[in-house]
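Chain identifiers are assigned alphabetically (A, B, ...) following the order of the sequence lines, protein sequences preceding nucleic acid strands; residue numbering begins at 1 within each chain.
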Protein chains: 2
Amino acid sequence: MNASAKDAYRKLLAHSQELGLIANVVNLLQWDEDTNLPPRGVEYRAEQLSYLVGLVHSKGTAPEIGEWLQECEEGGAQGDIDAGPNIREWRRDYDRQLKLPARLVQELAHTSSLAREAWLEARRTANFALFQPKLTRIVELCREKADAWATCPSRYDTLLDSYEQDARTADLRPLFADLQQRIATLLPAAIARTASTPADLLKGNYPEAQQAKLNRVISEAIGFDFNAGRMDVSPHPFCCSPGPRDVRITTRYDETNFTSSLFGVMHECGHAMYDQGLPADRVAQPLGEAVSLGIHESQSRLWENQLGRSAAFWRHWYPTAIEFFPSVAAVPLDSFLLAVNRVEPSFIRVDADEVTYNLHILLRFEMEHALIEGKLSVADLPDAWNTRFEELFGLKVPDDGKGCLQDIHWCSGGFGYFPTYTLGTLNAAQLFHAANTQVPALAGEIASGHYAGLRKWLNTNVHAHGRRYTPQELMRLATGESTNARYFCDYLEEKFLPA
Amino acid sequence: MNASAKDAYRKLLAHSQELGLIANVVNLLQWDEDTNLPPRGVEYRAEQLSYLVGLVHSKGTAPEIGEWLQECEEGGAQGDIDAGPNIREWRRDYDRQLKLPARLVQELAHTSSLAREAWLEARRTANFALFQPKLTRIVELCREKADAWATCPSRYDTLLDSYEQDARTADLRPLFADLQQRIATLLPAAIARTASTPADLLKGNYPEAQQAKLNRVISEAIGFDFNAGRMDVSPHPFCCSPGPRDVRITTRYDETNFTSSLFGVMHECGHAMYDQGLPADRVAQPLGEAVSLGIHESQSRLWENQLGRSAAFWRHWYPTAIEFFPSVAAVPLDSFLLAVNRVEPSFIRVDADEVTYNLHILLRFEMEHALIEGKLSVADLPDAWNTRFEELFGLKVPDDGKGCLQDIHWCSGGFGYFPTYTLGTLNAAQLFHAANTQVPALAGEIASGHYAGLRKWLNTNVHAHGRRYTPQELMRLATGESTNARYFCDYLEEKFLPA
C-alpha cells in the first residue's frame, strides 16, 4: 500500500467511525421506539429518525469516499490482509448506495410508512383490497430499486444479493427443491411421532416475573453477556445493537406458556452473541460487522433449535424448569420434549414447527420471485398464495389475514429477505454438525450444561471474521461445504423418525 | 416585517427545528445512559454523545444564523408578536455560543469528565486533596468562560445570568439576607414543633413494586400524562425530554420509606408537567422552551412541597396510602404530617427539610461567589465552608464528604446554578399563593383531590409563555411582584409556628 493509499485508508476508517456512531444512534432510537416511547412521542420520533437516516445517507454517499476508495484500490490497499477486505466491502456498499436516487429512497420510505398503517388494518380485517394499491406501488419501487442497482442480470437476484451476498435464484431453486422433497417424506412420520402429545400439554400459569428470571438464568448460562447487553419487553421480539458493547434483545410473555418466551430469548441470544462476538477493535469497519442475514439467522436458530430443543439441553435444565415452575413436574421429560418439538402444519409462519417452517419460506420465495419478475400481479397474489399453500400444507387458507397478509416484510419493501431464513436454518444445522465433528468434547460439555466450547467454536469460525469472507466462503471454511440441506434434514430425521 | 426578514425568519425556524431534533436525541442518549446502558457500553456512548454535542455546537454557531438574525432585526421582525421574542432569545443564545472558543468548550468538557472520577473518589474517601487540583482548573476555566461571555460587569453575574436571565448578585444578596433572617427566627420553633415526632416514625417495609404503583396513581392524579411520558428508575432522580411529547422522569426506591420516592416523583412531575405544558406548536423555538431554571424549579417545588407536604393533600390521600401500605394506619394523620415535615439541621442538602434547605443554598452561593471572584482560593474552601456551616447550622462538619464535596455541580463546572434552587423555592410559594388568591375555588378542589384547576392556572400563567418573558417579567405578570421571600416565609410560618 503506497503512502497516498495509506492516507486515504485512514480517512475511510475515520469516516466509517463517524457513520457508525450515527447509525448506532439510529439503532438506539428504534430500540427505544419499540420498548419505551410513549404513544404521543411517536410522531416526533419519526422526524428524528428520518433526519438521522438522511444524515447517514448523505454522509455515506459523499464524493470523497469514492476518491478515497479509488486511491486505496490504485495504491495497492487491496493486497493488505485487513485493508483489503475492508476496501472491498466499503466499495460494495458505496457503489450500491450511490446508485439509489435520493427520490427513490425517500419515496420508498414514505410509501412503506403509509403502507404499514394500511397493512395493519388489512391484516386485522383480513381485507386484502385495503393493502393492494400500496403493495402494488411497493413492488414497482422495489423493481425500480433493482434496476438502479442492477448488480445481477435478474431483478430478483439483485434484491436477494443485497440481503445475502452472492445468493442466486439458480442456486436456491435446487436447494429448496431438495429440502421440499425430504420434508415431504419426513412430515407424515414427524406428525405421527408427536401427535400423541396434546398441543396444550404445557399450558399452565407462569407469572411473567418468574419467566423473566428463568430466561435470564438460561441466557447467562448459554453466554449472553449482560454487562454488554440487556433484555427488555416489546410486542415483537428483536435484537439490536446501539453500540458494539451494547447489544439489546427483547421478548414478550405468554403467562400460559413459558417456553414460547424462553425459545424466543434463546433465539435472540444467538443473534446477540454474534454481535457481542464481533471483533471489538474493528468497530464500524466491515471486518467488525456481521456478514449476512443468512449467517446471522444461523446463530439464532442454532441456539434456539439445535441446542434449545434438544434432549441433551433439557436433560440438564428440566430440574431447573421445575424449580421455577413446580407444575412442570407433572409432565415427564419425554413428553416435555415431544411438546416443545410438536409438528403440525399451521397457517402462521412465526408459530410454525421446525419441519413445516421452511415450507412457509419456500412459498414466500416463489410468490415474491414471481411478483418481482412480473410473472404474478399483486391482484392475483391471494389466489396464487392460497392454491400453493394448500398444495404444500394440505390446508385451506381461511382468510388473507392468515394467508398472504401475515408478514410485515413486503409491506416495508423487504423483497429478497425471506430466503435468508431458510439459509439460516440450514446453516445452523450444518455449523452445529461441524462444531461437534471438529470438537468431539462438545457433546459431553453440553450434556453437563457447559456451552463455552460451542461458543468459542462459533466465535472462532463465524463471529471473529466479520465480513472478511462472503457468506458461502465462510460456510466452506467453517464446515467444508457450501450451504446445503443435508445436515438439517439429517437432524430432522434423527429427531423425528423412529430410531 | 419585510420580505427578506420573513424569509430569514423561516430559515431560522427550520434551522432551529434541525438543532432541536439533534439536541433531543442527545437527551435520549443521556436518559438511556442513566437508566439502561450496560456497563461495557459506557465508553462508546461517551463517543456518541461527544459527537452529537459537537454537531449541535457547530450547527448552532454557523455564520448564516448571524446573517439571518441580522436580516430579521433590520427588517422589523422584532415588532412581531411571536417572531419578536424568538429573535430576541435566539440572538441571546447565538451571541453567547459564538463567544466561547471551541477549545474552551472542549477543555471544560474534558476536564469535567476527568474531574467526575476524582470527585467521586474524593467524596467516597472524604479526601479533598484528591479533588483540589481538578477543581482549581475548573474554577479557572469557568472564570475564563465568564470573561469570554462578559455579559455582565462581574464574572459571577455573567455565569449566574447564563442559568437565570437577569439574576444579579446585587439583587440576590438582600433577598438571601431577608430569607436568612426570617429562617433564623423561625427555625427554633419549627424544630421544637416537629421534634416530638421521631425521625423514623414511618420506617417500615414498603416493597418497591407497591411503591411504584402508588407513585403512578398519584402522578396521574396530579396530572402527569403517561401518554406523553414515562417513569423509570435511576440512581439519581431527574426529568428529561427526548421529544416535546416524550417527557421522562426517574426515581429511586428506599424500601424502608415510601415517602422519599413519592416526594421525589412529585418533584419530577412538577418539572415534567412544565415540559408537557409547553406549547406543542412551538417546538424548538424559544416560545416553546422553558424560561429558566428558577422557574422550572418552582414547578417541582410547588407540587412536591406546597401541595405534596400539605395537610389538604394528605387528608385526601392518607386513606389511599393505607390501602397500599396497611402499616401506615398505625400512624395517625397528624403524626404522619409532622413526620413528612420534620425540621432538623443536617449536613446533606438533598436530604434537608424545607426550612434549612435554603441555608444550604445560601452557603454555596457565598462560597462559589468568592471562588469565582477570586476572594477565596480552592485550597481554602474546606475551612471556609466548615466555618460558615457551623455559623448557619450550629453543627460541626465531620468531614469534607459531608461538607464541601457533597454536590456534583462544581465538579461539572456549574458555577452560578445553585441560587436557582432558592429562587425556585421562593417562586413556588409565590405562585401557589397567587393561584389560590386569583382562583378561590382551588382550595376546595385540592381538598377533594382535584388538581385540574391548579394545573390550568400554572399552564396559563407559566408554561404557555415559553420564553416570551424573562423570568422576573413572568413572575410579575403571574403574581404582581418580582421574586421575594415573603410568601415562602409566610408559608413556613403558617406551617411551623403554633396557630
Counting only non-hydrogen atoms closer than 4.5 Å, can you tell me which residues of residues 48-65 of chain A sit against chain B?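 Near chain B, by residue number: A/Gln48, A/Tyr51, A/Leu52, A/Leu55, A/Lys59.
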
Heavy atoms of other groups near B/Glu43 CD, more than 12 under 6.0 Å: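 Not more than 12 within 6.0 Å, no.
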
Within a radius of less than 6.0 Å around NE2 of A/His15, do more than 12 heavy atoms belonging to other residues, nucleotides or ligands occur?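 Yes, NE2 of A/His15 has more than 12 neighbouring heavy atoms, counting only those of other groups under 6.0 Å.
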
What part of [X] is in contact with chain B, defined as an atom under 4.5 angstrom from a non-hydrogen atom: side chain, backbone, both or neither?
X: A/Asp32; answer: side chain
X: A/Val42; answer: neither
X: A/Asn24; answer: both

If you count heavy-atom pairs under 4.5 Å between each of A/Asn36, A/Asp246, A/Leu37 and chain B, which one has the most?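 Heavy-atom pairs under 4.5 Å are most numerous for A/Asn36.
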
Please find the pair of heavy atoms, one from A/Arg45 and one from B/Arg248, that lie closest to each other, and give the distance.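 It is NH2-NH2, 4.0 Å.
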
Shortest non-hydrogen separation from A/Pro39 to B/Phe226 and the atoms involved: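 Scanning both residues completely, I find the closest heavy atoms to be CD-O, 4.4 Å.
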
Starting at OG1 of A/Thr35, measure out to CZ of B/Arg230 and round the result to the nearest 0.5 Å.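 Reported value, rounded in 0.5 Å steps: 7.0 Å.
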
